[in-house]
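Following: one structure in C-alpha cells, then a few remarks.
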Amino acid sequence: MDTTELSRIGAFGSKVVTNAVAQTGTWMAILCLSATVFTTLTEPNGVVAGTIGSAVFPAGVTIYGAFTNFTLASGSVRCYNTRNMVANP
C-alpha cells in the first residue's frame with residue numbers, strides 16, 4: 001500500500017478531541033463525532049476559519065484537507081494523522 005492509501009484508512013493513527021484546547025499536528029481528515037463548530041481551522045497555506053468559522057458541521061461529516069491546527073468552539077472530532085512528508089520522506 002502506498003502512503004495515500006494508508007492515510008485513507010487511518011494507518012497513521014488518530015485522536016479524539018472533545019475540548020476547546022488548541023490542537024497542533026498534521027491531519028488529513030477530521031470526522032465530526034457530534035455537531036461541531038471550529039474557532040480556528042488551519043491549513044499550511046492559510047486559515048480556513050474565515051469561511052467556516054461559524055458553520056455547524058453535523059455529526060458524521062468528514063472534512064478533508066491538510067490541517068496543521070484547530071480549536072473547537074463546541075463539539076467533538078476524531079482527527080486522522082497524515083504522514084509528515086518532511087520528517088518521513
Side-chain angles (χ1 to χ4, degrees):
M1 249 183 220
D2 70 16
T3 300
T4 302
E5 291 171 343
L6 290 170
S7 287
R8 286 184 188 146
I9 62 169
F12 299 123
S14 65
K15 74 175 183 176
V16 173
V17 177
T18 60
N19 58 47
V21 175
Q23 304 294 315
T24 302
T26 53
W27 303 288
M28 53 80 62
I30 299 174
L31 169 64
C32 299
L33 301 173
S34 62
T36 300
V37 176
F38 292 90
T39 303
T40 60
L41 181 59
T42 306
E43 292 186 289
N45 62 349
V47 175
V48 180
T51 57
I52 64 170
S54 62
V56 177
F57 292 88
V61 167
T62 302
I63 307 164
Y64 295 97
F67 305 108
T68 55
N69 76 52
F70 68 88
T71 304
L72 299 179
S74 62
S76 58
V77 298
R78 175 178 292 257
C79 42
Y80 291 90
N81 298 332
T82 188
R83 183 174 179 194
N84 184 335
M85 297 309 287
V86 174
N88 303 301

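Side-chain atoms are counted along with the backbone in the values below, which use heavy atoms only and exclude waters and symmetry mates. Along the sequence shown, residues are numbered consecutively beginning with 1.
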Expected list for residues 70-77: side-chain donor-acceptor pairs under 3.5 angstrom, two or more places apart:
{"from": "T71", "atom 1": "OG1", "to": "T40", "atom 2": "OG1", "distance (Å)": "3.3"}
{"from": "S76", "atom 1": "OG", "to": "S34", "atom 2": "OG", "distance (Å)": "3.0"}

Please tabulate, for the side chains in residues 15-25, all donor-acceptor contacts under 3.5 angstrom to protein atoms that are two or more places apart in sequence or on a different chain.
{"from": "K15", "atom 1": "NZ", "to": "Q23", "atom 2": "OE1", "distance (Å)": "2.5"}
{"from": "N19", "atom 1": "OD1", "to": "V21", "atom 2": "N", "distance (Å)": "3.0"}
{"from": "Q23", "atom 1": "NE2", "to": "V21", "atom 2": "O", "distance (Å)": "3.0"}

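Taking the side chain to side chain donor-acceptor pair (under 3.5 Å) definition, one finds that T68 meets it with nothing, sequence neighbours left out.
Looking at every heavy atom in both residues, N81 comes nearest to S14 through ND2-N, 3.8 Å.
Using a 4.5 Å heavy-atom cutoff, the side chains of I63 and F57 are in contact.
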Q) Yes or no on side chain to side chain contact (heavy atoms under 4.5 Å, CB included) for Y80 and L31, after CA distance, side-chain angles and deciding distance? A) CA-CA 8 Å; Y80 291 90; L31 169 64; 4.1 Å; yes
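Using modelled atom types, no side-chain atom of E43 and backbone atom of F67 make a donor-acceptor pair closer than 3.5 Å.
Here the CG-CD1 distance, from L41 to I30, works out to 5.0 Å after rounding to the nearest 0.5 Å.
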